[in-house]
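Below: the structure, in structure tokens.
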Amino acid sequence: MNDSMMPPDDNEPEQEVFPLEPRYHPIHKLPRKIYDFLASARLAMLLLVTILACCISGVTLWRGAEAGRMVFGTLWFNSILVLLVVNIACCFFGRIWGRRVTLISFGMILFHLCFVTILLGVVYNSLFYFRGNIRLTEGESLASGDPRSYDSFQQGRYFNFSRLKGETTLLKMLSGYKVGAENKRAAYEVQVGEGIDSTKGIIYITHKLSHHGVDYFNDREGYSLLVLLADSQGKELYGGHIPLQSIRQKDGSFTYSTGYREGERVMTDVIPFPNSPEKPLFALQLGYTLSKLNERDGVAHFALFPLDKNGKPLYDKPFAQGNAPIGGRYVAGDYQLAPKEVRYWVGMTVRYEPGNFIVLASLWIGLAGMIITTMGRMLRGRPKPRKGQ
Amino acid sequence: MKPELMLFWIAVGLYGVSTFSFIFGLMARQEKLFTLGLFSALAGFLPHVGVIALRWSATGISPFISISESITLGTFMTVLVFLIIQFSTKKVRPLGVLVMPVAFVLLGWAGTLMKEVASTLAPALQSGWIWVHIVGASAGFASVLIAAGLGLLYLLKERNSGPLYDKLPDLAAIDDLSYRFISGGFILYGLMLVSGCFWSNQVKGNYWNWDAVEVWSLVSWLTYGIYLHLRITFGWRGRKLAWYALIALVAMIVSYWGIPFSVETFHSGFRIEHT
Ligand code: HEM
């Protein structure tokens, strides 16, 4: 070889030695040893095979979240990826230096360079990103720039919440939303920003909303019941929307209850009622069965548990348990509970990922490089068999 | 039997005839059997296209979603490319010795997994990226399968002689052709990966998640990336790479259609929680 770098009209063919070794060394002695190590094609091979082996073990020995913990999320695996990129950079720097640029070598440089820019994109992104989950009931607004508005979030070291200005509002959840003939199932009508500098739109699974570089994706949705609490005289004490989790039954239908998610599983649980910042009077487990006739109608199920002096629920036994239709009321000892209306809550993922653009653009450039190299080879035709081969 | 199923099994049957014609043709050194094999492959290809057309027209939803549909498309691409090669040159007739048995077995396997056509397309799949993605995947598979078939021809020609083998291109040419199909397959798998990243980014705002299907496709891509390095940087040629292409193909089929689909649901992140 190396036919790629060697135009056919070259008078003095280069000596061919495999593996191809770098010909340019910017530094000497010890640093040079390090450089040679980093720029060796053998290291490249070793790294590629290692990564391949890690990938295979990450989908056979371990799976899913465990694979993330054992392989893909670990420092050592990611260090190998970084080493790969450094290796590519050194290899190419050393080999390409001073050579003629042909269609083939140009494509190859592009291709390998894109690995380097992907890494740069990933690193840049990791410093500035924001990823949060925000949950809203129809009609509700939360301050976008307040960390407390998010159920959970992660951020890069240099992300600043002041980037998230104004409010996030869920105007309406639209079920069975159609675009042309396509059924998008769930779509959320949302508004983000402040005043005239706000963006309103409908998001569904393949369609996000962007506002000043921050993207909103739909994630999950469920029912939320507005429950009013009154004392035995009927005097209103409190009212609040209570989001419910959907729980798939064996027969494929769903029930809805207060609770939380743990990975793919949904656990039923109680919530303090009234909710903070009010002082809770008891712990409430709320369930809901949909009416078959009307989407936003049905029966609410209540179970009330006492609290100990620290405010922790005593799960052993509810002190009251009963049902009420939406619009009706349930009398539980000294309290009256009235399920007023059914709304939807939705969970959205909020993402600010300024580095993704670099990564995604690099992918196309890399692919283009690969195509250019191959085209170059096709144009050159099949190499004539050489002596000794 | 429904016409769709009937066509499907006719296609499988004709690919079976083609398979045995090619294999016996090679063993008996009878080139006439190769011709029979080629024409039964063509005859099987027509009902194969018919099945896809029928499924597609039944609901208007692209029938490339479930695992059996995915395999049906992969074999469709393979046989298509195979037929194009065979009708544009007479030099590589015995290529069918590897290509047709694989197409036969895979399509038969797809038949056992076949389900009714989906009546709706899940919202996450309603994306233009799906086209780039499945064309990349199926054409990539076709390319590397043809490359492996050429690898097999290389190994056969290296060991045998006779009129059958004399008609084949010389060893270096087979080697080079096989390499070109690997390059093509590598690009097409690259296209599949890139479009997958964009698709995922469109749906979740996240281009890579190390989920099983993603990692398996990275595995096949890296496998062929290593092939290219062995060739370009380490100067491997001929026999060693022919073996590599054959072994990589087996790994590909198992990993791509066997393992990820049997243990995890298709791109598990794309489900929606609520009805
Ligand atoms: C460890 C990192 C890597 C290094 C050091 C490296 C190095 C090289 C070198 C030296 C060449 C030959 C250039 C020449 O002709 O002088 C090459 C070619 C190539 N590499 Fe890499 N590479 C790396 C990673 C990758 C990866 C991850 C892939 C993709 C899976 C890849 C795919 C290719 C391809 C497709 C070619 C050209 C093949 C052709 O010309 O048809 N490389 N690489």
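Computation of the quantities below employed the complete heavy-atom set of this structure, encompassing side-chain atoms and omitting hydrogens, waters and symmetry-equivalent molecules. Computed from a predicted structure; not experimentally measured. Lettering follows sequence order; numbering is per chain, from 1.
Screening residues 134-146 of chain B for salt bridge (charged side-chain N to carboxylate O under 4.0 Å, His left out) gives no qualifying pairs among residues at least two apart or on separate chains.
For the atom pair CE of B/M77 and CZ of B/F141, the computed distance is 12.0 Å after rounding to the nearest 0.5 Å.
Top candidate by heavy-atom pairs under 4.5 Å with chain B, chosen from A/I51, A/N183, A/V49, is A/N183. If you tally non-hydrogen atom pairs under 4.5 Å between each of B/F198, B/W208, B/W129 and chain A, the highest count goes to B/F198. The greatest number of non-hydrogen atom pairs below 4.5 Å with chain B, out of A/I56, A/L360, A/N356, A/T349, is found for A/L360.
Of the two parts of B/L191, the backbone and the side chain both hold a non-hydrogen atom closer than 4.5 Å to a non-hydrogen atom of chain A. Both the backbone and the side chain of A/L52 have a heavy atom closer than 4.5 Å to some heavy atom of chain B. Proximity to chain A involves both the backbone and the side chain of B/N201, based on heavy atoms less than 4.5 angstrom apart.
Salt bridge present: B/D175 and B/R231 bring a charged side-chain N and a carboxylate O closer than 4.0 Å.
Shown here are the ring pair (Phe, Tyr, Trp, His ring centres under 6.0 Å) partners of A/F153, two or more places apart in sequence or in another chain: A/F130, A/F161.
The backbone N or O of B/L230 lies less than 3.5 Å from no partner atom in the side chain of B/T233, so there is not a single donor-acceptor pair.
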